Visitor: 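I have a structure I would like to understand better, so I am pasting it below and will then ask my questions one at a time.
Only this structure's heavy atoms are used, side chains among them; waters, hydrogens and symmetry mates stay out. Ligands are counted one by one from 1 in listed order, and the atoms in each one are counted from 1 as well. This structure is a prediction, so every number in the text was calculated from the model and none was measured.
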Amino acid sequence: MADKRTAKLTLDDGREIVLPVFEGTEQECAVDVSSLRKETGYITYDNGFVNTGSCQSTITFVDGEKGILRYRGYPIEELAENCRFVEVAYLLVYGALPTREELDNFSAQLTERANIHEDMKHFFTGFPVAAHPMAILSSMVTSLSSYYPTSGDEEWNFDDTVARLIAKVRTIAAYSYRKATGEPFVYPRGDLSYCENFLNMMFSGEGKNYEISDKALRALDKVLILHADHEQNCSTSAVRLVGSSRAPLYASIGAGISALWGPLHGGASQAAVEMLMAINEDGGDCGKYIAMAKDKDDPFRLMGFGHRVYKNYDPRARILKQSCDEILDELNIDDPLLSIAKSLEKVALEDEYFVSRNLYPNVDFYAGIIYRALGIPVNMFTVMFTLGRLPGWIAQWYESTQDPDWRIWRPRQVYQGETSRAFIPIDRR
Ligand code: CMC
């Protein structure tokens, strides 16, 4: 791993330590600090892991300064334009674009495993009708480990687990929506593509299939592709962290779903559209919301804006903005939220506060407008993000298990609490 380069650190007591430096294939350099504590007693401190590399990976490359995103070396723009979601899922998990035969075989594996165990259907009865679908999804996905052999078992098979997860999470997602609407579950069908099947399970009514245009299906494929991986973000790190204790893949993915739910991460897709709806109801005054976002005494933030890594326009947001125009046009929908989103973006990108902090629309800013056009309810937006991110999580989990240096993730801390004090018996406190 380490090449010949080194970095020298001088401590305040004059001690010097030489640390190995290594470089990635895109010339990113890292100082390996793993020996620092053993040699000096010092640890590194990095609030929010802003500057911490937690692993070495071959899956996704992001250059946040230039606004570049590639999966396994392929530019996101080309994948979004030319691929179906299942093809990209295969690429992420197996490292290469599938041949026609490999893709057919993978799709057949998904079809074969799309139904959940009949007993699992009863779980839905136990959830309150108003349950957030992310709460249902995270617990149901974790519970898959009670039905299928886990990663430590001899009969465990990675390919089966991949197909089972990608197929069943989609079914569970659709059922969580049907649970909320009180409609009967619609079984997955063998003759439909991944996205068609999902929409059919969500929306087909009694005796009638859900009709959807090819362009709308392409739009859904595209949104899922754009969400499919994003290197070591919060949820992916949660998946790797849980997996590092040798917990099963399903449980690790359940943790990823929980991490994704928060409004600073995948929950921003729901929060962004709710914000646009509030602005619309409030008369469309974008300036007022920009002022609120800039006010340090106001907790409000422009949702779908800003990113830890991108200090340039998020390439995913650029593609989605264009997709919004196409899909609304195709479906003949006049959604006032799209013009509000565009105005908000324009005002923000001309404002010194956003310019000086390099705050641009992120993937969550425009995604919700596409989901709305497809009839997907707002509380399902983060579920959609989950469907997209799943192959990325699986790929990242698997990569970590294949690392010869794989060890449990266990960060340190700087303790700032009470020093040792005498215990006081309860009747003397
Ligand atoms: N609205 C207003 N101010 C913002 C925003 C925003 N959306 N985002 C960042 N800032 C300000 C922040 O207040 C800080 O200002 P100052 O330097 O004066 O203290 C500065 O910009 C840097 O922000 P930060 O909070 O230190 O940045 P971070 O890297 O810790 O957080 C973020 C990144 C994405 C959580 C944040 O930008 C944010 O809260 N955005 C809104 C939520 C959102 O859209 N999340 C989706 C992220 S992308 C997809 C995904 O991960 O799911």
Side-chain angles (χ1 to χ4, degrees), residues 46-52 60 62 64-65 67 69 76 134 138 223-240 255-279 286-321 337 341 344-371 378 380-390 392-393 396:
D46 180 19
N47 181 20
F49 310 130
V50 174
N51 199 44
T52 293
T60 290
V62 180
E65 275 71 35
L69 169 60
I76 191 65
M134 286 298 278
S138 58
V223 192
L224 297 183
I225 290 169
L226 294 173
H227 284 88
D229 195 47
H230 211 244
E231 48 117 308
Q232 308 313 317
N233 54 82
C234 177
S235 56
T236 302
S237 298
V239 170
R240 281 191 182 249
I257 296 173
S258 300
L260 188 75
W261 191 358
L264 296 190
H265 191 12
S269 50
Q270 174 172 343
V273 156
E274 285 171 346
M275 172 188 76
L276 296 174
M277 285 155 73
I279 299 175
C286 294
K288 177 176 159 190
Y289 286 80
I290 294 285
M292 278 161 59
K294 288 160 55 177
D295 181 355
K296 291 292 172 198
D297 296 325
D298 191 325
F300 175 78
R301 280 188 165 200
L302 215 53
M303 300 314 284
F305 245 78
H307 198 276
R308 171 63 62 80
V309 178
Y310 289 118
K311 301 303 163 201
N312 202 326
Y313 210 103
D314 182 336
R316 303 166 300 175
R318 180 172 286 120
I319 299 171
L320 285 172
K321 187 178 179 183
L337 300 197
L344 200 59
E345 175 187 328
K346 187 167 183 301
V347 179
L349 296 189
E350 285 168 359
D351 189 296
E352 199 277 331
Y353 175 96
F354 292 88
V355 174
S356 63
R357 289 169 179 76
N358 298 311
L359 302 171
Y360 293 89
N362 61 49
V363 70
D364 293 316
F365 195 64
Y366 287 104
I369 295 173
I370 297 179
Y371 295 144
V378 177
M380 285 289 289
F381 288 4
T382 315
V383 171
M384 302 307 295
F385 196 150
T386 306
L387 294 184
R389 185 55 53 90
L390 186 57
W393 287 332
Q396 300 271 354

Visitor: Side chains of Asn312 and Glu65: do they bring a donor and an acceptor to under 3.5 Å?
Guide: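 No, no side-chain donor-acceptor contact under 3.5 Å.
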Visitor: Would you check the N or O atoms of Leu359, main chain and side chain alike, for any that come under 3.5 Å of an N or O of ligand 1?
Guide: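 Between Leu359 and ligand 1 (N or O atoms, distance only) the closest approach is not under 3.5 Å.
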Visitor: Please indicate, with yes or no, if any protein heavy atom is found under 4.0 Å from atom 30 (O) of ligand 1?
Guide: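 Flag for atom 30 (O) of ligand 1 set to true, protein heavy atom closer than 4.0 Å.
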Visitor: Using a strict 4.0 Å cut-off to heavy atoms of Arg308, name the atoms of ligand 1 that fall inside it.
Guide: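 Here the atoms of ligand 1 in question are 28 (P), 29 (O), 30 (O), 33 (C).
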Visitor: Are Tyr371 and Gln270 linked by a side-chain donor-acceptor pair shorter than 3.5 Å?
Guide: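 No - no donor-acceptor pair under 3.5 Å links their side chains.
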Visitor: Using a 4.0 Å cutoff against the non-hydrogen atoms of His307, which atoms of ligand 1 qualify?
Guide: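 Checking each atom against His307, I get 34 (C), 37 (O), 48 (S).
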Visitor: For atom 13 (O) of ligand 1, tell me which residue out of Lys296, Met303, Lys311, Arg357 has the closest non-hydrogen atom.
Guide: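 Comparing heavy atoms across Lys296, Met303, Lys311, Arg357, the nearest one to atom 13 (O) of ligand 1 lies in Lys296.
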Visitor: Which ligand 1 atoms are under 4.0 Å away from a heavy-atom of Ala293?
Guide: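 Here the atoms of ligand 1 in question are 2 (C).
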Visitor: Quick one about Ser138 and Trp261 (side-chain donor to acceptor, distance below 3.5 Å, no hydrogens or angles considered), yes or no?
Guide: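 No, because no side-chain N or O of Trp261 sits under 3.5 Å from a partner of the opposite role on Ser138.
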Visitor: Any side-chain heavy atom of Phe354 within less than 4.5 Å of one from Val347?
Guide: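 No; the side chains remain at least 4.5 Å from each other.
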Visitor: May I ask whether Phe365 places a heavy atom under 4.0 Å from ligand 1?
Guide: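 No, Phe365 has no heavy atom closer than 4.0 Å to ligand 1.
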Visitor: Does Arg357 make a cation-pi contact with Tyr353, if we ask for NZ or CZ under 6.0 Å from the ring centre and within 45° of the axis?
Guide: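 Pair Arg357/Tyr353 counts as cation-pi.
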Visitor: Under a 3.5 Å cutoff, is there a donor and acceptor pairing between the side chains of Glu231 and Gln396?
Guide: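 There is no such pair (donor and acceptor under 3.5 Å, judged by atom type) between the side chains of Glu231 and Gln396.
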Visitor: Within ligand 1, which atoms have a heavy atom of Gly266 less than 4.0 Å away?
Guide: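 Counting atoms of ligand 1 from 1, those under 4.0 Å from Gly266 are 52 (O).
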Visitor: Strictly under 6.0 Å, is that where the ring centroids of Phe305 and Phe365 end up?
Guide: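 They qualify: ring centres under 6.0 Å apart.
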Visitor: Is the centre of the His230 ring less than 6.0 Å from the centre of the His265 ring?
Guide: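 Ring centroids of His230 and His265 are no less than 6.0 Å from each other.
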Visitor: Measure from atom 42 (C) of ligand 1 to the protein's non-hydrogen atoms and state whether any distance is below 4.0 Å.
Guide: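 Looking at atom 42 (C) of ligand 1, one finds that a protein heavy atom does lie closer than 4.0 Å.
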Visitor: List ligand 1 atoms under 4.0 Å from Val363, heavy atoms only on the residue side.
Guide: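 The list of qualifying atoms is 49 (C).
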Visitor: Would one find an N or O of Ala268, backbone or side chain, under 3.5 Å from an N or O of ligand 1?
Guide: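 Such a contact does not occur with ligand 1.
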Visitor: Using heavy-atom distances only, which candidate in Pro263, Gly306, Gly48, Gly267 approaches atom 34 (C) of ligand 1 most closely?
Guide: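 Selected option, by shortest heavy-atom distance: Gly306.
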Visitor: Does an N or O anywhere in Phe354 fall below 3.5 Å from an N or O of ligand 1?
Guide: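 In this structure, Phe354 places no N or O atom under 3.5 Å from an N or O of ligand 1.
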Visitor: With respect to atom 40 (N) of ligand 1, which of Phe385, Phe305, Tyr310 exhibits the smallest heavy-atom separation?
Guide: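 Considering heavy atoms of Phe385, Phe305, Tyr310, the nearest to atom 40 (N) of ligand 1 sits in Phe305.
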Visitor: Is atom 27 (O) of ligand 1 near the protein, in the sense that some protein heavy atom lies at less than 4.0 Å from it?
Guide: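 Flag for atom 27 (O) of ligand 1 set to false, no protein heavy atom closer than 4.0 Å.
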Visitor: Look only at interatomic distance and state if Gly304 has a nitrogen or oxygen under 3.5 Å from any nitrogen or oxygen of ligand 1.
Guide: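 Yes, at least one N or O pair falls under 3.5 Å.
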Visitor: Determine, considering heavy atoms only, which of Arg389, Arg316, Arg301, Met292 sits nearest to atom 38 (C) of ligand 1.
Guide: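 Looking at heavy atoms only, Arg301 sits closest to atom 38 (C) of ligand 1.
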Visitor: Restricting to non-hydrogen atoms, name the atom on Ala272 and the atom on Asp364 that form the minimum distance, rounded to 0.1 Å.
Guide: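 Scanning both residues, the minimum pair turns out to be CB-O, 3.7 Å.
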